[in-house]
Undergrad: 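To start, I am sharing the structure in question, which I have written as C-alpha cells.
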Amino acid sequence: MGLTEGRGPKTVWANPTEIIRRLTPENPVMAFAPAVLRANAQRFLQGFPGLVTYAVKSNPDEAVIRTLTAAGISGFDVASPYEIDLIGRLAPNAARHYHNPVRSRAEIAHAAEAGITSWSVDSQSELEKLLGRVPAGSEISPRFKLPVLGAAYDFGSKFGATPELAAELLRAVADRGYIPSLTFHPGTQCVDPAAWESYILAAAEICDMAGVTARRLNVGGGFPSHRVTGVEPDLAAIFELIGRVTARVFGEKAPELVCEPGRGLCADAFSLITRVKAVRDGGNIFLNDGVYGGLFELPMIGNLDRLQVVTPQGVTRDSAPVSRTIFGPTCDSVDRLPGELSLSGDIEEGDYVIFHGSGAYSTVTNTRFNGFGQMAHLTVNALD
Ligand SMILES: *Cc1c(COP(=O)(O)O)cnc(C)c1O
C-alpha cells in the first residue's frame, strides 16, 4: 500500500522546505500538517449549521482519520465495506453514513452486521434491496440530482434520482417505517454557492411532492479547497447560505442539516513535494510524479496552481514566471498536466516543485504504474 511505503523516521519536520534541504528526497513526498487539518476541522465544526461528517474516500490515511476524530469530527461518509471497517476500528463511536447508493447484497449484509443505520438510495431497485435487510429504524435518504451547476466535476452523471423519483422513494421510505431523509452532492470543488441554494429549494419541493417531512437533509460535499493562487474559497459564506436558505424554504419543518466534505477538510492540509528529473532542452519539465501518482485528478478537474519551486538547498526560486508543459515520470503520453503551468523561469534539473493543497484524491489514488509511485509520507508543523 502506497500509504505506508517509504514512511520516514517518526520525525516532525518544520515545513516542506526543511524536508528538501535535509533529505533531498529522490522520490515524491507527501507532507502532512495535522495543525492545518485541525484548523480546517474547526472551521467546519464552528461554521456549518449542522453535523459535519468526513467523506473518507478523499483521503483515508489513518493519520487523517485520527486527527479529525481528535479534533471533534464525529461522523463519516463511507462507501464500501473497507471504509466501514476502517472507521469502525479508528473511530468506534462515530456515526457512519453509507452513502454509496448502489451496493451488492453482500455489501448490504456486511454493513448491516457492522451496525450501519444510515443509507442513501437513488433507485427503486436499490431501495427494494435495502427493505427488510437493513436494521429497523434505519434512516434511508433518497439522493437526488439537478443538472450540474458550479462544480469542477459532475458526480451527478453517475448517481442521483430526478426530483420526481426522489419524491416517490421518500414516500416509500416513510410508508415502510424507516426514517425519511434526503441527500445530494453538488459535485466536487463547487465554487458557486448558488448550487447549494438550488438543491435546497429542490429538496423542499421533493418533500412537498411526497407529503413527507424529511428528518435530515445532507447537503453533500463539494466544499472547495484553495486550488488557485489568490482565490481563497469563502466557506463561511457557503455555510451561511445553507443555513439561511434551509430556514427560509422549510420554515417550521426544517430538517437537521448534515454535510460530508472530503476535499474541503483534507486538501489544504497536504503539500506534495516533487522533483524535477529533467528540463528537456530548456523547455518541457519532467517531474518524478504525475497523473498516475499524486497528481491523478488534475486532468479531470484542472490544475492546482499553488506551486513553489525550491532548490535542493531549500531556497525558493522567484524569477519571472515562464509557462511550461509538465510531464510525469511514466512512459504514457497521458501522463501530462493539463495545459501549461507558470514556474520560476530559472528552474533547473534537481529542483523541487511543491504542489500546495494536494491532500484530496491523491495519496489514495497513487499507483505503482511503470514502477513509479513510491511516495513517502512525512509530517510537518507548517506548510510554508
Ligand atoms: C465524494 C463524495 C463526497 C466528498 O466530495 P468532496 O468534493 O471531496 O467534498 C461527499 N459525498 C458523496 C456522496 C461523495 O461521493
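Reckoned from all heavy atoms, side chains included, excluding hydrogens, waters and symmetry mates. Everything numeric in this text was worked out from a predicted model, so none of it was measured. Just so you know, ligand 1 is whichever comes first in the structure, and atom 1 is the first atom listed for that ligand.
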Undergrad: For Ser271 and His356, test the side chains for any donor-to-acceptor distance below 3.5 angstrom and give the result as yes or no.
TA: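 Yes, His356 and Ser271 have a side-chain donor paired with an acceptor closer than 3.5 Å.
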Undergrad: In terms of ring plane angle, is the pair Tyr199 and Phe144 parallel, tilted or perpendicular, where the classes change at 30° and 60°?
TA: tilted
Undergrad: So for ligand 1, is Ala55 a polar contact partner (N or O within less than 3.5 Å, distance only)?
TA: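 N/O-N/O distance under 3.5 Å: no.
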Undergrad: Is ligand 1 less than 4.0 angstrom away from at least one heavy atom of Pro261?
TA: yes
Undergrad: In this structure, does ligand 1 have an atom that sits under 4.0 Å from one of the heavy atoms of Phe159?
TA: no
Undergrad: Are Asp318 and Thr316 linked by a side-chain donor-acceptor pair shorter than 3.5 Å?
TA: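 No, Thr316 and Asp318 have no side-chain donor paired with an acceptor closer than 3.5 Å.
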Undergrad: Do Asp305 and Thr229 meet the criterion of a side-chain donor-acceptor pair at a distance under 3.5 Å?
TA: yes
Undergrad: Just jot down the ligand 1 atoms closer than 4.0 angstrom to any heavy atom of Arg143, in number order.
TA: 13 (C)
Undergrad: Would Arg103 pass as a cation-pi partner of Tyr98, given that its NZ or CZ must be under 6.0 Å from the six-membered ring centre and within 45 degrees of the axis?
TA: yes
Undergrad: Using a 3.5 Å cut-off on N or O atoms only, is Gly264 in polar contact with ligand 1?
TA: no
Undergrad: Under 3.5 Å between any N/O of Tyr361 and any N/O of ligand 1: does that happen in this structure?
TA: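 Between Tyr361 and ligand 1 (N or O atoms, distance only) the closest approach is under 3.5 Å.
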Undergrad: Minimum distance, heavy atoms only, to atom 11 (N) of ligand 1: which one of Glu260, His97, Arg263 is it?
TA: Glu260
